[in-house]
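Take a look at the structure set out below.
Numbered from 1 within each chain, the chains take letters A, B, ... in sequence-line order.
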Amino acid sequence: MAMAMRLPAIAIAATEMASAPVGLRRLFCSNASKFSFLSPQANAETPARPQAEPSTNLFVSGLSKRTTSEGLRTAFAQFGEVADAKVVTDRVSGYSKGFGFVRYTTLEDSAKGIAGMDGKFLDGWVIFAEYARPREPYRPQNNMPPPPYGNRY
DNA sequence: AGTGAGCGG
């Protein structure tokens with residue numbers, strides 16, 4: 001069950017999935033420090049990506065590339081009022097990048113959305129729902145590439 | 001543009 005994360009859902013035993021939401025990925029990362037003898041520099045070096053604070057906006061990954069924004073909205077709307085749902089697509093090809101965002105109208109609903117959808121199946125794939133990090137500001141003024149993370153004002 | 005981690009234009 002080590003490689004059960006990004007496999008097609010059909011390949012995953014249902015019994016293993018019942019209790020395996022986002023927690024798994026996080027546990028593998030955060031618990032790495034407990035096995036520092038396996039990776040000596042993991043302790044202080046690996047910040048283990050801090051989880052974003054609660055938000056009405058969710059980052060949803062692990063999506064089937066056939067899942068549309070509409071399908072995303074429909075699925076998450078079972079657990080709250082969805083203000084916006086969008087599958088991120090490649091600008092030129094139009095194909096899904098396999099992740100997206102779901103914005104609920106309230107924090108309560110977004111919490112219920114995570115509880116209801118994280119680790120669940122959508123279009124045959126186990127998806128992950130978590131609070132989105134604050135979105136990067138959009139600056140259409142010039143063609144400059146966006147600044148690196150942590151270097152914004 | 002090989003199914004796969006990721007935080008959008």
Listed in order of residue number, which residues of residues 91-101 of chain A have a non-hydrogen atom at under 4.0 Å from DNA chain B? Arg91(A), Lys97(A), Gly98(A), Phe99(A), Phe101(A)

Ser61(A) has its side chain closest, among dG8(B), dG6(B), dC7(B), to dG6(B)

Between Arg66(A) (CZ) and dT3(B) (P), how many Å, whole number? 12 Å

Out of dG6(B), dG8(B), dC7(B), whichever nucleotide has its closest atom nearest the side chain of Arg133(A): dC7(B)

Between C1' on dT3(B) and CG on Leu122(A), what's the gap in Å once rounded to a whole number? 16 Å

Counting distance only, does the side-chain N/O of Asp118(A) pair as donor-acceptor with the main-chain N or O of Ala129(A) below 3.5 Å? yes

Backbone of Ser55(A) reached by a side-chain donor or acceptor of Ser110(A) within 3.5 Å: yes

Can you figure out which of dT3(B), dG8(B), dC7(B) approaches the side chain of Asn57(A) most closely? dG8(B)

Lys97(A): which residues meet the salt bridge (Lys or Arg N to Asp or Glu O under 4.0 Å) condition with it, sequence neighbours left out? none

If you look at every heavy atom in Ala83(A) and Thr105(A), which pair is closest and at what distance? CB-CG2, 3.9 Å

Which residues, if any, of residues 82-90 of chain A bring a heavy atom under 4.0 Å of DNA chain B? Lys86(A), Val88(A), Thr89(A)

Suppose we screen for side chain to side chain donor-acceptor pair (under 3.5 Å). Which residues come up paired with Thr68(A), at least two apart in sequence or across chains? Glu70(A)

Which ring-ring contact (aromatic ring centres under 6.0 Å, His included) pairs, counting each pair once, include a residue from residues 86-117 of chain A, with sequence neighbours left out? Phe59(A)-Phe99(A), Phe59(A)-Phe101(A)

May I have the step-by-step check of side chain to side chain contact (heavy atoms under 4.5 Å, CB included) for Val126(A) and Phe121(A), ending in yes or no? CA-CA 5 Å; Val126(A) 176; Phe121(A) 288 91; 3.8 Å; yes

Quick one: which of dT3(B), dC7(B), dG9(B) gets closest to the side chain of Phe59(A)? dC7(B)

Residues 75-88 of chain A vs salt bridge (Lys or Arg N to Asp or Glu O under 4.0 Å), sequence neighbours excluded, gives none

Roughly how many Å is it from NZ in Lys65(A) to C1' in dA1(B), rounded to a whole number? 9 Å

Hey, which sits more toward the 5' end of DNA chain B by its nearest nucleotide, Ser64(A) or Ala52(A)? Ser64(A)

Can you name the closest pair of heavy atoms from Ser69(A) and Ala85(A) and give their distance? CB-O, 3.5 Å

